[in-house]
Undergrad: 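Pasting in a structure now, in structure tokens, and then I'll have a few things to ask.
Numbers here simply count residues along the sequence, with the first being 1.
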Amino acid sequence: MSKLLLTTLAAACALAMPALAHSRQITLTTKLNSYGGDGAYLAAYLTDANGAYVRTLWVSGGKAKYYKHLSDWNRLSNSDAKRLAGVTGASVGAGRTLEITADLADALIDAGYEIRIDAAVEDMRDSPSEVRVPLSTDKVGKSQAGKQYIQTLTFQLQ
């Protein structure tokens, strides 16, 4: 490889790497309704502008046999072997609040991506895509109501 090509490649990498390395912390706050059932299983995940799965942000509920009830997330993320890597916790009781944080690349914000949460409760109806919120700066701090189990979802960017 020529010296000129190596120099050009090194300069291009030096310019591109800072843009790729920038990320923000996002905090999702999910308040559940008092629906009168057992703890809810929740899956918070990110989709792109075409609705394709990007990554899992959090899964509440520890028994994998119930993940099929988080049907949109389960279907979209099924081929992602790392979908549960470090992003699981206990189910969330009725009337309680779940707060989670995750790191997101700046490039995902205001670029058509969407935060989705699926919800399921034992012996009650499943709620795929219970709440959907565009990942955009104009939605920061604004509450979005869910369809059945989630009273509100808000997010903050750091």
Undergrad: Would you say Glu130's side chain and Lys147's backbone share a donor-acceptor pair under 3.5 angstrom?
TA: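 Side chain of Glu130 to backbone of Lys147: a pair is present.
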
Undergrad: How long is the span from the CD atom in Gln151 to the OG atom in Ser143, to the nearest 0.5 Å?
TA: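 Those atoms lie 9.0 Å apart.
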
Undergrad: Taking all atoms of both residues into account, what is the closest heavy-atom pair of Gly37 and Met124, and its distance?
TA: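 Gly37 and Met124 have their closest heavy atoms at CA-SD, 3.9 Å.
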
Undergrad: Does any part of the side chain of Gln156, heavy atoms only, come nearer than 4.5 Å to the side chain of Gln158, both counted from C-beta?
TA: yes

Undergrad: For Ser60 and Leu98, work out which heavy atoms get closest and say how close.
TA: OG-CD2, 3.4 Å

Undergrad: Could you pull out the closest heavy-atom pair between Asp126 and Ala120, with the gap in Å?
TA: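 Closest pair (atom of Asp126, atom of Ala120, distance): OD1-CB, 3.7 Å.
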
Undergrad: Would Arg55 and Leu104 satisfy side-chain contact (heavy atoms from CB on, under 4.5 Å), going step by step from the backbone distance to the final call?
TA: CA-CA 10 Å; Arg55 69 178 262 215; Leu104 292 179; 3.5 Å; yes

Undergrad: Find out whether Ile115 and Leu46 are in side-chain contact, i.e. whether some heavy atom of one side chain is under 4.5 Å from a heavy atom of the other.
TA: yes

Undergrad: Under 3.5 Å, side chain of Asp118 to main-chain N/O of Trp73, donor-acceptor pair present?
TA: yes

Undergrad: What pairs with Tyr41 under ring-ring contact (aromatic ring centres under 6.0 Å, His included), at least two apart in sequence or on another chain?
TA: Tyr66

Undergrad: Take Thr30 and Thr97 through the side-chain contact (heavy atoms from CB on, under 4.5 Å) test and state the conclusion after the steps.
TA: CA-CA 6 Å; Thr30 308; Thr97 299; over 6 Å; no

Undergrad: Any chance CZ of Arg96 has more than 12 other-residue heavy atoms, nucleotides or ligands included, within less than 6.0 Å?
TA: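 Not more than 12 within 6.0 Å, no.
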
Undergrad: With rounding to the nearest 0.5 angstrom, report the CZ to CG distance, Arg24 to Asp103.
TA: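 The distance works out to 12.0 Å.
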
Undergrad: Within this structure, what is the CD-CZ distance for the pair Glu114 and Arg116, rounded to the nearest 0.5 Å?
TA: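 Here the interatomic distance stands at 4.5 Å.
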
Undergrad: Is the shortest heavy-atom distance from the side chain of Phe155 to the side chain of Val133 under 4.5 Å?
TA: yes

Undergrad: Output the distance between atom CD (Glu99) and atom OG1 (Thr29), rounded to the nearest 0.5 Å.
TA: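 Reported to 0.5 Å precision, the distance equals 4.0 Å.
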
Undergrad: Just wondering, do Asp72 and Tyr45 contact through their side chains at under 4.5 Å, heavy atoms?
TA: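 SC-SC contact between Tyr45 and Asp72 confirmed.
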
Undergrad: Indicate, with yes or no, if Val92 and Leu84 share a hydrophobic cluster defined by side-chain heavy-atom contacts under 4.5 Å among Ile, Leu, Val, Met, Phe, Trp and Tyr.
TA: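 They do not share one cluster, since no chain of ILVMFWY contacts under 4.5 Å joins Leu84 to Val92.
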
Undergrad: Which heavy-atom pair separates Ala94 from Gly36 by the least distance, and what is that distance?
TA: CB-N, 4.2 Å

Undergrad: Locate the shortest heavy-atom distance separating Ile150 from Leu42; write the atom from each residue and the value.
TA: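 Taking every non-hydrogen atom into account, CD1-CD2, 4.4 Å.
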
Undergrad: Does Ser91 reach the side chain of Asp38, with side-chain heavy atoms less than 4.5 Å apart?
TA: no

Undergrad: Do any N or O atoms from the side chain of Lys31 and from the backbone of Gly95 form a donor-acceptor pair under 3.5 angstrom?
TA: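 Side chain of Lys31 to backbone of Gly95, a donor-acceptor pair under 3.5 Å: yes, one is there.
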
Undergrad: Quick one: CD1 on Ile109 to OG on Ser23, what's the gap to the nearest 0.5 Å?
TA: 9.0 Å

Undergrad: Which heavy atom of Thr154 sits nearest a heavy atom of Gly141, and at what distance?
TA: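 Heavy atoms only, the tightest pair is CG2-O, 4.4 Å.
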
Undergrad: Can you find a heavy atom in the side chain of Arg83 that is under 4.5 Å from one in the side chain of Asn74?
TA: yes

Undergrad: Just wondering, do Tyr113 and Asp48 contact through their side chains at under 4.5 Å, heavy atoms?
TA: yes

Undergrad: So Leu28 and Trp58, side-chain contact (heavy atoms from CB on, under 4.5 Å) or not? Walk me through it.
TA: CA-CA 10 Å; Leu28 301 177; Trp58 188 259; over 6 Å; no

Undergrad: Between Tyr67 (side chain only) and Val59 (backbone N and O only), is there a donor and an acceptor less than 3.5 Å apart?
TA: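 A pair under 3.5 Å: no.
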
Undergrad: Applying the 4.5 Å side-chain criterion to the ILVMFWY set and letting contacts propagate, would Ile117 and Ile26 be lumped into a single cluster?
TA: yes

Undergrad: Evaluate the side-chain proximity of Ile100 to Val87: yes if any heavy-atom separation is below 4.5 Å, no if none is.
TA: no

Undergrad: With sequence neighbours excluded, tell me which residues meet side chain to side chain contact (heavy atoms under 4.5 Å, CB included) with Ser136.
TA: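 So Ser136 forms a side chain to side chain contact (heavy atoms under 4.5 Å, CB included) with Asp110, Pro134, Asp138, Lys139.
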
